[in-house]
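Residue numbering restarts at 1 for every chain, and letters A, B, ... go by the order of the sequence lines. These numbers come from a predicted model, not from an experiment.
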Amino acid sequence: MASSDDAGTPIGRRILLGMLGAGAVGVIFGERIQSGLERVTQPLTRHDPTGLTEFIPTAGRFRIYSVTADMPRRTAANYRLKVGGMVDHPFELTLAELQAMPPTNLTKDFQCVTGWRVQDVHWTGVTLADLLDRAGVQDGATALRLFSFDGAYTESLTMDEARRPDVIAAYRMLGGPVSRDHGGPVRLYVAPMYGYKSLKWLDRIEVTDKVVPGYWENLGYDVDGWVGRSNGRDDAPTSA
Amino acid sequence: MTATEAPADRRFERFTPATRALHWATAACILTCAVTGFILYVGPITALVGRRVLVRQVHVTAGLLIPVPLILAYLGPWRRAIRREFRRLGRWSAADKRWLRTRGQEATAEVGKYNAGQKANAAFVAGMIPLMLVSGSIMHWFHYFPVRYRTGATFVHDWTALATWAVVSGHILFALNDPGSLRGMVTGKVSRAWAAIHHPRWAQEQAGVVEEAESPLR
(Lines give C-alpha, C1' and ligand atoms only; values in the text may rest on other atoms or scores of the structure.)
Protein backbone atom coordinates (compact mmCIF):
# COMPACT_ATOMS: atom_id res chain seq x y z
CA MET A 1 0.00 0.00 0.00
CA ALA A 2 1.44 3.31 -1.01
CA SER A 3 1.33 6.09 1.51
CA SER A 4 2.16 9.72 1.89
CA ASP A 5 5.46 8.85 3.57
CA ASP A 6 7.00 6.61 0.95
CA ALA A 7 8.12 9.32 -1.40
CA GLY A 8 10.51 12.09 -0.50
CA THR A 9 14.20 12.58 0.02
CA PRO A 10 16.17 9.95 1.97
CA ILE A 11 17.28 12.45 4.62
CA GLY A 12 17.39 9.75 7.28
CA ARG A 13 20.03 7.88 5.32
CA ARG A 14 22.02 11.07 4.79
CA ILE A 15 22.02 11.85 8.52
CA LEU A 16 23.14 8.29 9.28
CA LEU A 17 25.95 8.33 6.70
CA GLY A 18 26.99 11.83 7.80
CA MET A 19 27.28 10.67 11.39
CA LEU A 20 29.32 7.63 10.37
CA GLY A 21 31.65 9.87 8.35
CA ALA A 22 32.07 12.28 11.24
CA GLY A 23 32.69 9.32 13.54
CA ALA A 24 35.45 7.96 11.31
CA VAL A 25 37.11 11.39 11.23
CA GLY A 26 36.71 11.56 15.01
CA VAL A 27 38.41 8.21 15.60
CA ILE A 28 41.33 9.07 13.32
CA PHE A 29 41.85 12.73 14.26
CA GLY A 30 40.09 12.81 17.66
CA GLU A 31 43.37 12.86 19.54
CA ARG A 32 44.38 16.15 17.95
CA ILE A 33 40.89 17.68 18.18
CA GLN A 34 40.60 16.68 21.83
CA SER A 35 43.92 18.20 22.89
CA GLY A 36 43.06 21.42 21.02
CA LEU A 37 39.70 21.64 22.77
CA GLU A 38 41.29 20.93 26.14
CA ARG A 39 43.76 23.75 25.69
CA VAL A 40 40.89 26.12 24.98
CA THR A 41 38.60 24.97 27.80
CA GLN A 42 41.13 24.27 30.55
CA PRO A 43 41.11 27.86 31.92
CA LEU A 44 37.32 27.63 32.27
CA THR A 45 37.10 24.16 33.72
CA ARG A 46 39.85 24.66 36.27
CA HIS A 47 37.95 27.50 37.96
CA ASP A 48 34.45 26.08 37.69
CA PRO A 49 32.57 26.47 40.98
CA THR A 50 29.45 24.72 39.64
CA GLY A 51 31.09 21.41 38.81
CA LEU A 52 29.00 21.26 35.64
CA THR A 53 32.07 20.93 33.44
CA GLU A 54 32.48 17.47 34.96
CA PHE A 55 30.00 16.38 32.29
CA ILE A 56 31.75 17.97 29.33
CA PRO A 57 34.19 15.69 27.52
CA THR A 58 36.72 18.44 26.79
CA ALA A 59 37.28 19.26 30.42
CA GLY A 60 40.84 18.40 31.44
CA ARG A 61 39.78 16.36 34.41
CA PHE A 62 40.70 13.11 36.05
CA ARG A 63 38.86 9.98 35.07
CA ILE A 64 38.68 7.45 37.81
CA TYR A 65 39.96 4.01 36.88
CA SER A 66 40.46 0.93 38.97
CA VAL A 67 41.18 -2.64 37.96
CA THR A 68 39.35 -4.34 40.81
CA ALA A 69 35.65 -4.74 41.50
CA ASP A 70 35.69 -2.31 44.40
CA MET A 71 37.80 0.64 45.40
CA PRO A 72 39.78 -0.28 48.47
CA ARG A 73 39.48 1.82 51.61
CA ARG A 74 42.13 2.59 54.18
CA THR A 75 42.01 5.44 56.62
CA ALA A 76 44.69 7.63 58.11
CA ALA A 77 44.36 5.48 61.24
CA ASN A 78 44.97 2.04 59.75
CA TYR A 79 47.20 2.94 56.81
CA ARG A 80 50.76 1.57 56.75
CA LEU A 81 53.40 2.05 54.06
CA LYS A 82 55.76 -0.92 53.95
CA VAL A 83 59.26 -0.82 52.46
CA GLY A 84 61.13 -4.10 52.17
CA GLY A 85 62.99 -6.49 49.89
CA MET A 86 66.70 -5.94 49.29
CA VAL A 87 67.15 -3.33 52.01
CA ASP A 88 69.11 -3.26 55.28
CA HIS A 89 66.28 -1.89 57.40
CA PRO A 90 62.78 -2.84 56.24
CA PHE A 91 60.19 -0.59 57.87
CA GLU A 92 56.54 0.37 58.12
CA LEU A 93 55.31 3.94 58.32
CA THR A 94 52.00 5.33 59.51
CA LEU A 95 50.55 8.20 57.51
CA ALA A 96 51.67 10.65 60.23
CA GLU A 97 55.22 9.28 60.12
CA LEU A 98 55.30 9.61 56.34
CA GLN A 99 54.03 13.19 56.60
CA ALA A 100 56.75 13.94 59.14
CA MET A 101 59.43 13.24 56.50
CA PRO A 102 60.73 16.14 54.36
CA PRO A 103 57.96 16.97 51.87
CA THR A 104 58.40 17.52 48.15
CA ASN A 105 55.94 19.77 46.32
CA LEU A 106 55.39 19.39 42.60
CA THR A 107 53.03 21.21 40.23
CA LYS A 108 52.92 19.14 37.09
CA ASP A 109 50.56 17.67 34.52
CA PHE A 110 49.04 14.22 34.73
CA GLN A 111 48.91 12.51 31.32
CA CYS A 112 46.92 9.33 30.79
CA VAL A 113 47.95 6.87 28.11
CA THR A 114 44.34 6.88 26.87
CA GLY A 115 44.72 10.54 25.94
CA TRP A 116 43.38 12.81 28.66
CA ARG A 117 45.62 15.22 30.49
CA VAL A 118 45.09 17.32 33.59
CA GLN A 119 47.29 20.39 33.68
CA ASP A 120 49.11 21.87 36.67
CA VAL A 121 48.10 19.43 39.36
CA HIS A 122 49.60 20.23 42.74
CA TRP A 123 51.18 17.24 44.49
CA THR A 124 52.80 16.82 47.90
CA GLY A 125 54.63 13.73 49.08
CA VAL A 126 57.93 12.12 49.97
CA THR A 127 60.41 11.20 47.26
CA LEU A 128 61.03 7.49 46.83
CA ALA A 129 64.73 8.39 47.03
CA ASP A 130 64.23 9.51 50.66
CA LEU A 131 62.30 6.34 51.49
CA LEU A 132 64.99 4.18 49.86
CA ASP A 133 67.77 5.97 51.74
CA ARG A 134 65.90 5.46 54.99
CA ALA A 135 65.70 1.71 54.28
CA GLY A 136 69.28 1.39 53.03
CA VAL A 137 69.33 -0.24 49.59
CA GLN A 138 71.63 -3.29 49.37
CA ASP A 139 74.22 -3.86 46.65
CA GLY A 140 72.83 -5.54 43.57
CA ALA A 141 69.38 -3.99 43.91
CA THR A 142 68.33 -2.48 40.56
CA ALA A 143 64.58 -2.09 40.62
CA LEU A 144 61.40 -1.60 42.61
CA ARG A 145 58.13 -3.48 42.67
CA LEU A 146 55.17 -1.47 43.89
CA PHE A 147 51.99 -3.03 45.21
CA SER A 148 48.52 -1.56 45.64
CA PHE A 149 46.30 -2.54 48.54
CA ASP A 150 43.52 -3.11 46.01
CA GLY A 151 45.14 -6.55 45.86
CA ALA A 152 45.64 -6.61 42.09
CA TYR A 153 47.54 -3.62 40.77
CA THR A 154 51.32 -3.61 40.63
CA GLU A 155 53.93 -1.36 39.08
CA SER A 156 57.64 -1.36 38.42
CA LEU A 157 60.42 1.21 38.33
CA THR A 158 64.14 0.91 37.75
CA MET A 159 66.33 2.20 40.59
CA ASP A 160 67.38 5.20 38.48
CA GLU A 161 63.77 6.07 37.68
CA ALA A 162 62.71 5.69 41.31
CA ARG A 163 65.50 7.99 42.54
CA ARG A 164 64.41 10.93 40.39
CA PRO A 165 63.38 14.02 42.38
CA ASP A 166 59.98 14.06 40.62
CA VAL A 167 58.93 10.58 41.74
CA ILE A 168 57.02 10.69 45.03
CA ALA A 169 54.73 8.81 47.37
CA ALA A 170 52.01 11.47 47.41
CA TYR A 171 49.61 12.14 50.28
CA ARG A 172 48.22 15.43 48.97
CA MET A 173 46.92 16.36 45.51
CA LEU A 174 44.44 18.89 44.08
CA GLY A 175 44.66 20.98 47.24
CA GLY A 176 43.66 18.31 49.77
CA PRO A 177 44.50 14.86 51.06
CA VAL A 178 44.55 12.25 48.28
CA SER A 179 40.94 11.05 48.18
CA ARG A 180 39.90 7.41 48.05
CA ASP A 181 39.01 7.53 44.35
CA HIS A 182 42.34 9.16 43.50
CA GLY A 183 44.22 6.39 45.35
CA GLY A 184 44.39 7.74 48.89
CA PRO A 185 45.58 7.95 51.52
CA VAL A 186 48.92 7.44 49.73
CA ARG A 187 49.60 6.95 46.03
CA LEU A 188 52.53 7.17 43.69
CA TYR A 189 53.11 10.13 41.41
CA VAL A 190 55.69 9.40 38.73
CA ALA A 191 55.75 12.83 37.08
CA PRO A 192 57.59 12.07 33.83
CA MET A 193 55.57 8.95 32.98
CA TYR A 194 52.06 8.01 31.89
CA GLY A 195 49.38 7.74 34.55
CA TYR A 196 49.46 3.96 34.82
CA LYS A 197 52.92 4.27 36.43
CA SER A 198 51.41 6.41 39.21
CA LEU A 199 50.00 3.47 41.14
CA LYS A 200 47.07 4.23 43.41
CA TRP A 201 46.51 2.96 46.97
CA LEU A 202 50.23 2.39 47.61
CA ASP A 203 50.69 -0.48 50.03
CA ARG A 204 54.21 -1.82 49.70
CA ILE A 205 57.52 -1.07 48.02
CA GLU A 206 59.80 -4.04 47.40
CA VAL A 207 63.39 -3.55 46.32
CA THR A 208 64.48 -6.23 43.82
CA ASP A 209 67.39 -7.18 41.61
CA LYS A 210 65.36 -7.09 38.40
CA VAL A 211 62.41 -5.28 36.85
CA VAL A 212 59.19 -7.27 37.19
CA PRO A 213 56.58 -5.81 34.81
CA GLY A 214 53.46 -4.43 36.49
CA TYR A 215 49.76 -4.97 35.89
CA TRP A 216 49.33 -2.98 32.66
CA GLU A 217 52.83 -3.80 31.48
CA ASN A 218 51.82 -7.46 31.41
CA LEU A 219 48.90 -6.36 29.24
CA GLY A 220 51.10 -4.62 26.70
CA TYR A 221 51.96 -1.17 28.05
CA ASP A 222 55.62 -0.09 27.96
CA VAL A 223 57.58 -0.75 31.15
CA ASP A 224 59.42 2.57 30.75
CA GLY A 225 56.33 4.71 30.31
CA TRP A 226 57.91 8.09 29.53
CA VAL A 227 55.33 10.64 28.45
CA GLY A 228 55.81 11.35 24.73
CA ARG A 229 58.42 8.64 24.23
CA SER A 230 56.54 5.38 24.77
CA ASN A 231 53.34 3.50 23.98
CA GLY A 232 53.40 4.90 20.43
CA ARG A 233 52.37 8.37 21.65
CA ASP A 234 53.90 11.82 21.15
CA ASP A 235 52.38 13.90 23.97
CA ALA A 236 54.34 16.87 25.33
CA PRO A 237 56.54 15.75 28.25
CA THR A 238 55.08 16.27 31.74
CA SER A 239 58.41 16.61 33.54
CA ALA A 240 61.86 17.40 32.23
CA MET B 1 -3.02 -2.24 9.00
CA THR B 2 -6.21 -1.08 7.29
CA ALA B 3 -9.23 0.50 8.81
CA THR B 4 -11.50 -2.09 7.18
CA GLU B 5 -10.44 -4.70 9.73
CA ALA B 6 -12.66 -3.17 12.36
CA PRO B 7 -14.74 -0.30 11.09
CA ALA B 8 -16.49 0.05 14.41
CA ASP B 9 -13.21 0.26 16.29
CA ARG B 10 -12.47 3.84 17.15
CA ARG B 11 -8.77 3.14 17.27
CA PHE B 12 -6.02 2.68 14.71
CA GLU B 13 -3.25 0.18 15.06
CA ARG B 14 -0.11 2.33 15.11
CA PHE B 15 2.59 -0.19 16.00
CA THR B 16 2.61 -3.95 15.48
CA PRO B 17 3.79 -6.13 18.38
CA ALA B 18 7.09 -6.73 16.54
CA THR B 19 7.67 -3.00 16.14
CA ARG B 20 6.94 -2.37 19.79
CA ALA B 21 9.18 -5.25 20.86
CA LEU B 22 11.99 -3.76 18.75
CA HIS B 23 11.45 -0.32 20.26
CA TRP B 24 11.36 -1.43 23.88
CA ALA B 25 14.19 -3.97 23.65
CA THR B 26 16.42 -1.35 22.03
CA ALA B 27 15.30 1.23 24.58
CA ALA B 28 16.16 -1.11 27.47
CA CYS B 29 19.69 -1.67 26.13
CA ILE B 30 20.27 2.03 25.45
CA LEU B 31 18.98 3.11 28.87
CA THR B 32 21.18 0.52 30.58
CA CYS B 33 24.14 1.87 28.64
CA ALA B 34 23.20 5.45 29.50
CA VAL B 35 22.94 4.81 33.23
CA THR B 36 26.08 2.67 33.51
CA GLY B 37 27.94 5.03 31.19
CA PHE B 38 27.02 7.95 33.42
CA ILE B 39 28.41 6.07 36.43
CA LEU B 40 31.65 5.27 34.61
CA TYR B 41 32.04 8.78 33.24
CA VAL B 42 31.40 11.06 36.20
CA GLY B 43 34.27 10.65 38.68
CA PRO B 44 32.43 11.37 41.95
CA ILE B 45 29.59 8.99 40.93
CA THR B 46 32.13 6.31 40.00
CA ALA B 47 33.59 6.57 43.49
CA LEU B 48 30.16 6.61 45.12
CA VAL B 49 28.89 3.52 43.29
CA GLY B 50 32.15 1.58 43.25
CA ARG B 51 32.14 -1.86 41.61
CA ARG B 52 33.65 -0.34 38.49
CA VAL B 53 34.49 -3.69 36.90
CA LEU B 54 30.90 -4.92 37.27
CA VAL B 55 29.46 -1.63 36.00
CA ARG B 56 31.78 -1.78 33.00
CA GLN B 57 30.74 -5.38 32.26
CA VAL B 58 27.07 -4.43 32.35
CA HIS B 59 27.79 -1.42 30.12
CA VAL B 60 29.71 -3.42 27.52
CA THR B 61 27.19 -6.29 27.54
CA ALA B 62 24.17 -4.00 27.14
CA GLY B 63 26.01 -2.13 24.38
CA LEU B 64 26.81 -5.28 22.44
CA LEU B 65 23.16 -6.37 22.80
CA ILE B 66 21.81 -3.21 21.13
CA PRO B 67 21.94 -4.59 17.56
CA VAL B 68 20.39 -7.96 18.55
CA PRO B 69 16.73 -6.80 18.46
CA LEU B 70 17.44 -5.07 15.13
CA ILE B 71 18.89 -8.28 13.69
CA LEU B 72 15.94 -10.30 15.00
CA ALA B 73 13.59 -7.75 13.46
CA TYR B 74 15.08 -8.56 10.08
CA LEU B 75 14.98 -12.34 10.54
CA GLY B 76 11.31 -12.99 11.30
CA PRO B 77 8.14 -12.86 9.20
CA TRP B 78 7.54 -9.36 10.61
CA ARG B 79 10.44 -8.15 8.46
CA ARG B 80 8.24 -6.42 5.87
CA ALA B 81 6.34 -4.38 8.42
CA ILE B 82 9.55 -3.26 10.13
CA ARG B 83 11.21 -2.33 6.84
CA ARG B 84 8.20 -0.24 6.01
CA GLU B 85 8.51 1.68 9.29
CA PHE B 86 12.18 2.36 8.56
CA ARG B 87 11.29 3.59 5.12
CA ARG B 88 8.66 5.92 6.48
CA LEU B 89 11.09 7.21 9.08
CA GLY B 90 13.87 7.79 6.57
CA ARG B 91 12.00 9.64 3.84
CA TRP B 92 11.39 13.35 4.25
CA SER B 93 8.87 15.33 2.23
CA ALA B 94 9.14 19.06 1.57
CA ALA B 95 6.38 19.48 4.17
CA ASP B 96 8.51 17.64 6.74
CA LYS B 97 11.33 20.12 6.26
CA ARG B 98 8.95 23.03 6.58
CA TRP B 99 7.41 21.46 9.70
CA LEU B 100 10.83 21.11 11.33
CA ARG B 101 11.98 24.60 10.32
CA THR B 102 8.90 26.13 11.93
CA ARG B 103 9.08 23.81 14.97
CA GLY B 104 5.76 22.17 14.13
CA GLN B 105 3.87 25.42 13.51
CA GLU B 106 3.41 24.98 9.77
CA ALA B 107 2.56 22.10 7.45
CA THR B 108 0.85 20.34 10.34
CA ALA B 109 -1.93 19.10 8.05
CA GLU B 110 0.61 17.13 6.04
CA VAL B 111 2.24 15.20 8.86
CA GLY B 112 2.21 11.51 8.03
CA LYS B 113 2.81 8.55 10.29
CA TYR B 114 5.90 10.24 11.69
CA ASN B 115 6.55 13.93 12.08
CA ALA B 116 9.94 15.39 11.19
CA GLY B 117 11.04 15.45 14.82
CA GLN B 118 10.40 11.72 15.13
CA LYS B 119 12.23 11.17 11.85
CA ALA B 120 15.21 13.19 13.06
CA ASN B 121 15.24 11.23 16.31
CA ALA B 122 15.18 7.92 14.43
CA ALA B 123 17.98 9.00 12.09
CA PHE B 124 20.13 10.11 15.01
CA VAL B 125 19.60 6.82 16.85
CA ALA B 126 20.33 4.87 13.66
CA GLY B 127 23.65 6.71 13.33
CA MET B 128 24.40 6.67 17.04
CA ILE B 129 24.21 2.88 17.39
CA PRO B 130 27.01 1.98 14.94
CA LEU B 131 29.10 4.95 16.17
CA MET B 132 28.89 3.83 19.78
CA LEU B 133 29.36 0.15 18.88
CA VAL B 134 32.50 0.81 16.83
CA SER B 135 34.07 3.41 19.13
CA GLY B 136 33.18 1.36 22.21
CA SER B 137 34.68 -1.76 20.65
CA ILE B 138 37.94 0.08 19.93
CA MET B 139 38.02 1.23 23.57
CA HIS B 140 37.30 -2.26 24.87
CA TRP B 141 39.58 -4.22 22.52
CA PHE B 142 42.20 -1.47 22.26
CA HIS B 143 45.10 -3.90 21.84
CA TYR B 144 44.10 -4.60 18.27
CA PHE B 145 44.21 -0.96 17.20
CA PRO B 146 46.85 1.76 16.87
CA VAL B 147 47.12 3.52 20.22
CA ARG B 148 45.96 6.91 18.92
CA TYR B 149 42.70 5.34 17.71
CA ARG B 150 41.94 4.63 21.34
CA THR B 151 42.03 8.34 22.13
CA GLY B 152 40.04 9.09 18.99
CA ALA B 153 37.45 6.43 19.85
CA THR B 154 37.16 7.78 23.40
CA PHE B 155 36.62 11.25 21.92
CA VAL B 156 33.86 9.98 19.60
CA HIS B 157 32.27 7.84 22.33
CA ASP B 158 32.18 10.76 24.82
CA TRP B 159 30.68 13.32 22.48
CA THR B 160 28.19 10.91 20.91
CA ALA B 161 27.13 9.88 24.42
CA LEU B 162 26.55 13.51 25.37
CA ALA B 163 24.44 14.03 22.24
CA THR B 164 22.54 10.80 22.94
CA TRP B 165 21.69 11.96 26.45
CA ALA B 166 20.25 15.16 24.99
CA VAL B 167 18.31 13.46 22.19
CA VAL B 168 16.95 10.57 24.29
CA SER B 169 15.95 12.96 27.08
CA GLY B 170 14.07 15.02 24.50
CA HIS B 171 12.45 11.87 23.09
CA ILE B 172 11.24 10.81 26.55
CA LEU B 173 10.01 14.31 27.43
CA PHE B 174 8.04 14.55 24.21
CA ALA B 175 6.48 11.15 24.89
CA LEU B 176 5.54 12.08 28.47
CA ASN B 177 4.01 15.34 27.24
CA ASP B 178 1.82 13.48 24.78
CA PRO B 179 0.16 10.51 26.51
CA GLY B 180 -1.64 9.56 23.29
CA SER B 181 1.67 9.04 21.58
CA LEU B 182 3.13 7.11 24.51
CA ARG B 183 0.01 4.91 24.64
CA GLY B 184 0.59 4.11 20.97
CA MET B 185 4.03 2.69 21.71
CA VAL B 186 2.81 0.87 24.83
CA THR B 187 -0.46 -0.66 23.57
CA GLY B 188 0.05 -0.37 19.82
CA LYS B 189 -3.27 1.47 19.44
CA VAL B 190 -4.12 5.15 19.18
CA SER B 191 -7.46 6.92 19.08
CA ARG B 192 -8.67 8.21 15.73
CA ALA B 193 -9.06 11.66 17.23
CA TRP B 194 -5.45 11.71 18.39
CA ALA B 195 -4.27 10.51 14.99
CA ALA B 196 -6.32 13.14 13.19
CA ILE B 197 -4.69 15.90 15.25
CA HIS B 198 -1.07 14.74 15.33
CA HIS B 199 -0.71 12.65 12.18
CA PRO B 200 -3.55 13.79 9.88
CA ARG B 201 -2.17 12.34 6.65
CA TRP B 202 -1.64 8.99 8.27
CA ALA B 203 -5.12 9.13 9.81
CA GLN B 204 -6.64 9.78 6.38
CA GLU B 205 -4.59 6.98 4.94
CA GLN B 206 -5.77 4.63 7.68
CA ALA B 207 -9.32 5.64 7.06
CA GLY B 208 -8.85 4.80 3.40
CA VAL B 209 -9.12 8.35 2.14
CA VAL B 210 -5.62 8.71 0.81
CA GLU B 211 -4.71 5.71 -1.28
CA GLU B 212 -2.04 7.15 -3.47
CA ALA B 213 1.39 8.33 -2.49
CA GLU B 214 1.28 11.38 -4.69
CA SER B 215 -0.81 14.25 -3.58
CA PRO B 216 -1.43 17.64 -5.17
CA LEU B 217 -0.78 19.15 -1.76
CA ARG B 218 2.88 18.43 -2.18
Side-chain angles (χ1 to χ4, degrees), chain A residues 1-35 37 51 54-58 61-71 73 112-116 179-182 219-221 231-234, chain B residues 1-2 41-44 46-47 50-54 86-94 96-97 110 112-114 119-120 122-124 126-128 130-131 134-135 138-139 142-143 146-156 158-162 201-202 205 210-215 218:
Chain A
M1 185 182 75
S3 83
S4 53
D5 302 305
D6 279 327
T9 1
I11 304 255
R13 185 187 303 157
R14 288 180 199 167
I15 292 175
L16 192 158
L17 292 176
M19 285 174 72
L20 295 187
V25 169
V27 169
I28 296 166
F29 298 107
E31 180 165 7
R32 237 175 290 167
I33 304 169
Q34 177 85 18
S35 63
L37 284 172
E54 185 77 31
F55 300 95
I56 299 172
T58 61
R61 62 185 182 81
F62 280 91
R63 301 187 181 199
I64 306 300
Y65 299 150
S66 67
V67 300
T68 52
D70 251 330
M71 284 191 203
R73 186 193 297 278
C112 179
V113 73
T114 64
W116 53 268
S179 66
R180 181 184 173 208
D181 44 326
H182 283 301
L219 294 171
Y221 287 11
N231 295 292
R233 299 184 60 91
D234 58 357
Chain B
M1 289 296 280
T2 57
Y41 182 74
V42 182
T46 311
R51 303 227 146 260
R52 191 172 195 280
V53 171
L54 176 70
F86 287 158
R87 189 175 165 78
R88 302 181 93 142
L89 282 165
R91 297 269 165 175
W92 293 53
S93 66
D96 283 329
K97 293 176 200 166
E110 292 175 68
K113 182 161 186 179
Y114 300 108
K119 290 179 180 182
F124 174 82
M128 176 276 280
L131 274 189
V134 171
S135 59
I138 295 174
M139 290 163 77
F142 62 90
H143 281 303
V147 78
R148 74 194 174 104
Y149 282 15
R150 187 187 192 185
T151 313
T154 309
F155 172 78
V156 169
D158 284 356
W159 282 101
T160 312
L162 200 69
R201 294 272 292 170
W202 176 70
E205 180 195 306
V210 177
E211 287 294 336
E212 293 304 316
E214 290 311 310
S215 150
R218 223 177 30 243

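- Separation of atoms CZ (A/F29) and OH (B/Y149) is listed at 8.5 Å; rounding is to 0.5 Å.
- Contact of the B/K119 side chain with the A/I15 side chain is not registered, since no non-hydrogen atoms from C-beta on lie closer than 4.5 Å.
- Neither the backbone nor the side chain of B/F86 comes within contact range of chain A; no heavy atoms are under 4.5 Å apart.
- Residues that satisfy the side-chain contact (heavy atoms from CB on, under 4.5 Å) test with A/P10, not counting sequence neighbours, are A/R13, A/R14, B/R91.
- The candidate with the highest count of non-hydrogen atom pairs below 4.5 Å against chain B, out of A/V113, A/L20, A/D234, is A/L20.
- Highest contact tally toward chain B, considering only A/L16, A/V27, A/V25, A/D181, is held by A/V27 [criterion: heavy-atom pairs under 4.5 Å].
- B/K97 and A/I11 get closest at one heavy-atom pair: CE-CD1, 3.6 Å.
- Most heavy-atom pairs under 4.5 Å with chain B: of the set A/G220, A/C112, A/G26, A/A22, this distinction falls to A/G26.
- Considering every non-hydrogen atom in both B/W92 and A/G12, the closest pair reads NE1-N, 3.6 Å.
- Residue B/M139: no heavy atom, backbone or side chain, is found under 4.5 Å from chain A.
- In this structure, no portion of A/L17 lies under 4.5 Å from any heavy atom of chain B.
- Taking CG of A/L219 as the reference point, atom CZ of B/F142 lies at 6.5 Å (rounded to 0.5 Å).
- Chain B forms the most heavy-atom pairs under 4.5 Å with one residue out of A/G232, A/G30, A/S179, and that residue is A/G30.
- With hydrogens and angles disregarded, a donor-acceptor distance shorter than 3.5 Å links the side chain of B/T151 to the backbone of A/T114.
- A/V67 touches chain B through its backbone: at least one of N, CA, C or O sits under 4.5 Å from a heavy atom, while the side chain does not.
- Of the atoms belonging to B/A126, heavy atoms from both backbone and side chain fall under 4.5 Å from chain A.
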